[in-house]
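Please read the structure below before turning to the comments.
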Amino acid sequence: MQELFKKAWEKIKEAKNIVLVSHINPDGDALGSSLSLYPILKRMGKNVKVFNVTKPLPQYLDFLPNFDKVTDKLPKNVDLMISFDCGSFDRLGIDEKPPFLINIDHHISNTEYGDINIIDPKAASTSQVVFEMLKTNEVEIDEDSATCIYTALVTDTGSFQYESVNEKVFQTAAELVKCGAKPDFVAKMLFQRDRLSRLRLLAKAYDTIELCCEGKVAFVEVTKEMMEITGAIKDDTDTIVNSVRAIASVEVACMLREDDDGIKISLRSKNYADVSKVAVKYGGGGHIRAAGATIKDEFDFNKVKNMLKEDLKEIVKVEE
């Protein structure tokens with residue numbers, strides 16, 4: 001990995017026009033990782049742009065330094081593109097591959113679509129991989145970059161709750177705090193700016209909770225009508241599946257959300273079930289404990305639940 005870090009940094013030093021890009025519908029790790037390099041590359045005199053095809057971007061991340069620099073218009077003049085937290089090229093929302101692409105990720109399912117692929121499935125977040133690359137190349141990490149990397153680490157570890165958290169994760173967090181990241185500020189920005197619409201949506205969504213598979217699986221539904229009535233936006237649905245997983249008997253929580261192109265499924269497990277196996281079956285992906293997919297052109301919640309029940313029964317180990 002050290003050699004890849006150095007090889008990638010040499011390519012970065014050679015390039016003049018650099019685009020930092022993350023996956024469609026970015027989360028904290030995707031945006032935090034891409035934005036973390038922005039001030040560093042600007043200091044190096046690079047012409048750097050941060051690109052994401054999604055509009056609008058997640059509101060809860062609007063406190064990240066240089067958030068307003070993210071554009072949904074892909075620059076034409078590109079020497080080097082660096083992708084973050086994206087398992088496959090098609091999820092970048094880009095039609096053609098650039099002259100050279102560095103692919104930085106921590107998903108084991110990554111298809112290695114880059115010219116240089118820096119994939120570390122043992123890392124708790126893509127931002128941790130970015131941090132290690134900067135450390136290896138002795139690059140100074142300023143407060144803005146530290147804030148972005150730390151935020152990405154917090155969001156992708158569920159505030160340091162997931163199995164990916166180990167001693168190295170806390171060491172990384174401590175070093176980022178030394179670089180200027182402020183844990184109290186990040187926590188307030190992420191968790192103490194709730195929208196009233198989200199709370200109203202939660203009340204309606206919780207009324208749909210259905211347990212099955214001996215109480216080990218919980219389904220929760222979010223319809224377009226719910227969102228219209230409450231004034232909620234897609235961002236407001238992000239944590240619903242996590243809270244449903246908190247039910248004592250539940251091993252796997254599954255949120256079904258009605259979207260324009262079909263039903264989006266978000267899966268979370270607690271102790272042992274590998275939800276990525278189910279997500280992959282339906283054209284999605286993710287981690288062992290957190291994964292998702294969209295079932296295209298299907299809008300019948302009951303039909304989707306019946307499809308998923310058989311798959312979920314297997315991973316939660318419920319006998320017939």
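Reckoned from all heavy atoms, side chains included, excluding hydrogens, waters and symmetry mates.
Under a 4.0 Å N-O distance rule, the pair D62/R193 qualifies as a salt bridge. Contact check on K264 versus D259 returns no salt bridge, with no Lys/Arg side-chain nitrogen under 4.0 Å from an Asp/Glu carboxylate oxygen. Salt-bridge check for R245 with E251: failed, with every basic side-chain N at 4.0 Å or more from each acidic carboxylate O. Electrostatic pairing of K55 and D72 counts as a salt bridge here, judged by a charged N lying under 4.0 Å from a carboxylate O. Electrostatic pairing of K305 and E210 counts as a salt bridge here, judged by a charged N lying under 4.0 Å from a carboxylate O. A salt bridge links E10 with K13: the distance from a Lys NZ or Arg NE/NH1/NH2 to an Asp or Glu carboxylate oxygen falls below 4.0 Å. Ion pair K135/E175 flagged as a salt bridge, since at least one NZ, NE, NH1 or NH2 atom sits closer than 4.0 Å to an Asp/Glu carboxylate oxygen. A salt bridge is defined here as a Lys NZ or Arg NE, NH1 or NH2 lying under 4.0 Å from an Asp or Glu carboxylate O, and D260 with K224 meets this definition. With respect to D142 and R43, a salt bridge is recorded, a charged nitrogen being found less than 4.0 Å from a carboxylate O.
With values rounded to the nearest 0.5 angstrom, D85 atom CG is found 8.0 Å from S125 atom OG. Here CD of E163 is found 13.0 Å from OG1 of T157. Values are rounded to the nearest 0.5 Å.
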**OP:** Go through the steps for R268 and V275 under the test side-chain contact (heavy atoms from CB on, under 4.5 Å), then give the verdict.
**Re:** CA-CA 7 Å; R268 300 290 185 272; V275 293; over 6 Å; no

**OP:** Please lay out, stage by stage, how D261 and T294 fare under the test side-chain contact (heavy atoms from CB on, under 4.5 Å).
**Re:** CA-CA 8 Å; D261 57 347; T294 297; 4.0 Å; yes

Subject >> Derivation and outcome, side-chain contact (heavy atoms from CB on, under 4.5 Å), residues L312 and L267 >> reply: CA-CA 10 Å; L312 295 173; L267 296 156; 4.0 Å; yes

Original post:
How far apart are the C-alpha atoms of L308 and F219, what are their side-chain angles, what is the distance that settles it, and do they pass the side-chain contact (heavy atoms from CB on, under 4.5 Å) test?
Top reply: CA-CA 10 Å; L308 292 170; F219 285 102; 4.1 Å; yes

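With no hydrogens or angles considered, a side-chain donor-acceptor pair links T136 and Q2 at under 3.5 Å. Side-chain contact, S164 with R289: no donor N or O sits under 3.5 Å from an acceptor N or O. Counted by atom type alone, N52 and S22 present one or more donor-acceptor pairs between their side chains at under 3.5 Å. Inspection of the S243 and Y206 side chains reveals an N or O donor paired with an N or O acceptor under 3.5 Å. Side chains of Q128 and E132: a donor-acceptor N/O pair is absent below 3.5 angstrom, by distance only. A donor-acceptor contact closer than 3.5 angstrom links the side chains of H106 and D156.
Here the closest non-hydrogen pair linking D235 and L57 is OD2-O, 4.2 Å.
Between the side chain of S33 and the main chain of A30, no donor-acceptor pair closer than 3.5 Å is present. One N or O on the side chain of S249 and one on the backbone of G215 form a donor-acceptor pair closer than 3.5 Å. The backbone N or O of D300 sits less than 3.5 Å from a side-chain atom of E298, completing a donor-acceptor pair.
Taking the six-membered ring where the residue is Trp, F63 and F185 present perpendicular rings, their angle passing 60° and hence far from 30°.
In this structure, K11 satisfies the cation-pi test against F100, with its NZ or CZ atom closer than 6.0 Å to the six-membered ring centre and inside 45 degrees of the ring normal.
Y113 pairs in a side-chain hydrogen bond (donor to acceptor under 3.5 Å, both in side chains) with only one of the listed residues (N103, D105, D90), which is N103. Only one option out of V21, I102, V130 pairs with I82 in a side-chain contact (heavy atoms from CB on, under 4.5 Å); it is I102.
Not a single side chain to side chain contact (heavy atoms under 4.5 Å, CB included) links D207 to another residue, sequence neighbours left out.
With contacts defined as side-chain heavy-atom distances shorter than 4.5 Å, the pair L41/L20 qualifies.
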